[in-house]
**Student:** 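Let me give you the structure first, and then I'll get to my questions.
Residue numbers start from 1 in every chain, and the chains themselves are labelled A, B, ... in the order their sequence lines are given, proteins ahead of strands.
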There are 2 protein chains.
Amino acid sequence: MPSDQTRTAILAAAERLYAERGFGDVTLRDIVAEANVNLAAVNYHFGSKDELIAELFVTRSLALNKERLRELREAEEAGAGRADIAAVLRALVGPTLRGCLGPENQRSTPARFMIRVSIESVPAIRRIRNREIDHLRKFIAAMRRSLPDRGDVELYWGLHFALAMAQQTVRDSERLAKLSEGRCDVDDVDDVIARVVGVAVMALTGAKTDGRVPEKLAAR
Amino acid sequence: MPSDQTRTAILAAAERLYAERGFGDVTLRDIVAEANVNLAAVNYHFGSKDELIAELFVTRSLALNKERLRELREAEEAGAGRADIAAVLRALVGPTLRGCLGPENQRSTPARFMIRVSIESVPAIRRIRNREIDHLRKFIAAMRRSLPDRGDVELYWGLHFALAMAQQTVRDSERLAKLSEGRCDVDDVDDVIARVVGVAVMALTGAKTDGRVPEKLAAR
DNA sequence: TTGCATTTCAAACGTTTGTATGAAACTATC
DNA sequence: GATAGTTTCATACAAACGTTTGAAATGCAA
């Protein structure tokens with residue numbers, strides 16, 4: 001069995017650097033310096049730089065999808081098969097928002113890496129991204145169960161807008177903070193989630209809700 | 001007076017290539033080939049690659065802001081100083097959406113270039129982007145006039161979400177098209193604008209509207 | 001220990017990048 | 001049409017990049 005100590009160090013270092021500085025200006029030499037391994041190690045263990053990026057993306061993508069689906073299942077069980085639409089949307093945008101916002105020290109590198117992916121879109125990743133569609137379809141199905149009288153087109157737009165608001169909030173939280181002179185608190189993760197979900201629910205139903213987690217669920 | 005024929009050719013070629021393929025993989029040699037000028041011309045006329053990008057961005061940024069403000073002024077005049085909130089938001093997101101969506105042949109290179117800027121965020125541009133805040137503040141002011149009983153924090157979030165939905169729609173219209181199997185028509189620009197504005201208005205007021213241009217205005 | 005496979009390492013390779021150079025071509029003024 | 005200023009051009013340059021190489025080091029079974 002091959003020792004994968006070096007492999008793991010490279011993956012961790014690469015993810016950290018990509019999350020921080022983006023793909024554009026992180027070189028293999030940066031990565032191996034951060035990981036304290038030899039330059040040739042990347043090509044030895046992964047074949048090429050692109051394959052390293054691809055492996056990182058696939059791993060994190062599967063993990064994010066899994067967490068989203070876990071929360072979705074939880075929501076559907078709580079609603080006896082017909083989840084509250086707000087809960088479905090929380091399962092969709094919650095994992096990303098929780099991982100990327102909040103106090104500096106508790107933001108997760110994986111979540112910030114995934115945001116980089118959504119920002120920069122390098123060729124190595126663009127080729128694999130198709131599986132995302134199938135994943136999102138599961139959420140469309142859940143939304144359909146939750147709002148059976150809405151047309152599919154409305155559901156697509158609702159999901160699209162929910163993801164848009166969530167992603168843009170992580171991507172450009174700085175601009176919002178500057179614009180509002182700090183009065184929009186993007187570190188209050190629960191508030192941000194409630195806002196995004198609230199607006200998305202209104203987009204889908206026309207009714208006003210606050211998008212917050214109901215007491216009975218939030219208590220657990 | 002120096003002839004700026006070469007200058008103009010370079011600017012046009014660079015904008016086209018950047019809009020199409022992004023900053024990441026467009027080299028100076030690509031640009032001069034497209035513009036049919038010598039390699040050294042870029043450094044002669046612009047000083048460096050970064051200064052070329054910066055000039056492009058500043059030009060287009062000013063033009064976009066100008067068009068937005070023109071539509072905003074039009075909306076405020078139509079409302080006698082107190083514009084309909086939907087009209088304010090249309091002035092904000094309309095120019096970008098109209099330039100980037102719709103039939104292939106009528107999409108504008110400048111608009112697609114600006115979207116690239118918002119996607120990739122190269123260092124050369126990140127340094128200049130601060131002026132954007134001041135521009136957005138003018139829209140906040142207009143929104144405040146339009147909805148005087150809303151708190152500023154709500155206005156900030158509303159503007160943020162409106163821009164988020166608009167930008168994500170242009171950035172990833174392909175995913176929405178695939179997800180919906182073509183049933184969300186992102187080429188119907190007026191419909192997209194109405195949806196984005198409609199949701200943003202609901203986010204701001206809690207009331208449902210269709211976000212469409214009122215007949216009396218649409219007729220002009 | 002011996003022998004073999006795996007892993008590390010320093011060094012180099014071939015490209016590609018943005019930029020610099022100096023001569024040639026062009027333009028306009030006198 | 002000679003001169004000075006501007007622009008073009010082929011070419012070169014140094015730096016940075018991902019990748020390759022072959023030898024040294026290491027791990028492990030016999």
**Student:** Rounded off to whole Å, could you give me the CD1-to-P distance for the B:Ile10 and C:dG18 pair?
**Tutor:**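 Atom-to-atom, B:Ile10 to C:dG18, this comes out as 13 Å.
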**Student:** Taking CG from B:Asp30 and P from C:dT16, how many angstroms apart are they, rounded to a whole number?
**Tutor:**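 After rounding, the gap between these two atoms is 11 Å.
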**Student:** How many whole angstroms separate atom CD1 of B:Ile31 from atom C1' of C:dT17?
**Tutor:**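 B:Ile31 atom CD1 is separated from C:dT17 atom C1' by 12 Å.
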**Student:** In terms of the nearest nucleotide of DNA chain C, which residue is placed more toward the 5' end: A:Val37 or A:Arg29?
**Tutor:**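 The residue mapped nearer the 5' terminus is A:Val37.
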**Student:** OP1 or OP2 of D:dA10 less than 4.0 angstrom from a side-chain nitrogen or oxygen of B:Asn38, does that happen here?
**Tutor:** yes
**Student:** In whole Å, what is the span from the CG atom of A:Asn43 to the C1' atom of C:dT8?
**Tutor:**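 That distance rounds to 14 Å.
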**Student:** Ignoring hydrogens and geometry, is there a side-chain-to-backbone donor-acceptor pair from B:Ser180 to B:Cys184 under 3.5 Å?
**Tutor:** yes
**Student:** Roughly, in whole Å, what's the span from CD in A:Glu51 to P in D:dG18?
**Tutor:** 14 Å
**Student:** If we only count heavy atoms from C-beta on, is the B:Arg112 to B:Tyr18 side-chain gap below 4.5 Å?
**Tutor:**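 Of all side-chain heavy-atom pairs linking B:Tyr18 with B:Arg112, none is under 4.5 Å.
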**Student:** What is the distance from CG of A:Asp25 to P of C:dT17, rounded to the nearest Å?
**Tutor:**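 Taking CG of A:Asp25 and P of C:dT17, I get 17 Å after rounding.
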**Student:** Rounding to a whole Å, what distance do you find between B:Leu39:CG and D:dT11:P?
**Tutor:**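 The distance from CG of B:Leu39 to P of D:dT11 comes to 13 Å, rounded to the nearest Å.
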**Student:** Pairing donors with acceptors under 3.5 angstrom, does anything connect the side chains of A:Gln168 and B:Arg171?
**Tutor:** yes
**Student:** If you define the side chain from C-beta out and look only at heavy atoms, does anything of B:Leu69 sit under 4.5 Å from B:His135?
**Tutor:** yes
**Student:** Write down the distance between OH (B:Tyr44) and P (D:dT6), rounded to a whole number of angstrom.
**Tutor:**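 It works out to 7 Å between those atoms.
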**Student:** Kindly say if A:His45 contacts the phosphate of C:dT8, meaning a side-chain N or O under 4.0 Å from OP1 or OP2.
**Tutor:** yes
**Student:** Given D:dT8, is OP1 or OP2 found less than 4.0 Å from the side-chain N or O atoms of B:Thr6?
**Tutor:**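 Result: yes.
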**Student:** Given 3.5 Å as the limit, does a donor-acceptor pair link the side chain of B:Asp4 with the main chain of B:Arg7, or not?
**Tutor:** no
**Student:** What does A:Ala41 touch in the nucleic acid at a heavy-atom separation under 4.0 angstrom: a base, only the sugar-phosphate, or nothing?
**Tutor:**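 Result for A:Ala41 = nothing.
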**Student:** Considering just the side-chain nitrogens and oxygens of A:Ser48, establish if one lies under 4.0 Å of OP1 or OP2 belonging to D:dG18.
**Tutor:**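 So the side chain of A:Ser48 is outside the cut-off, no N or O lying under 4.0 Å from OP1 or OP2 of D:dG18.
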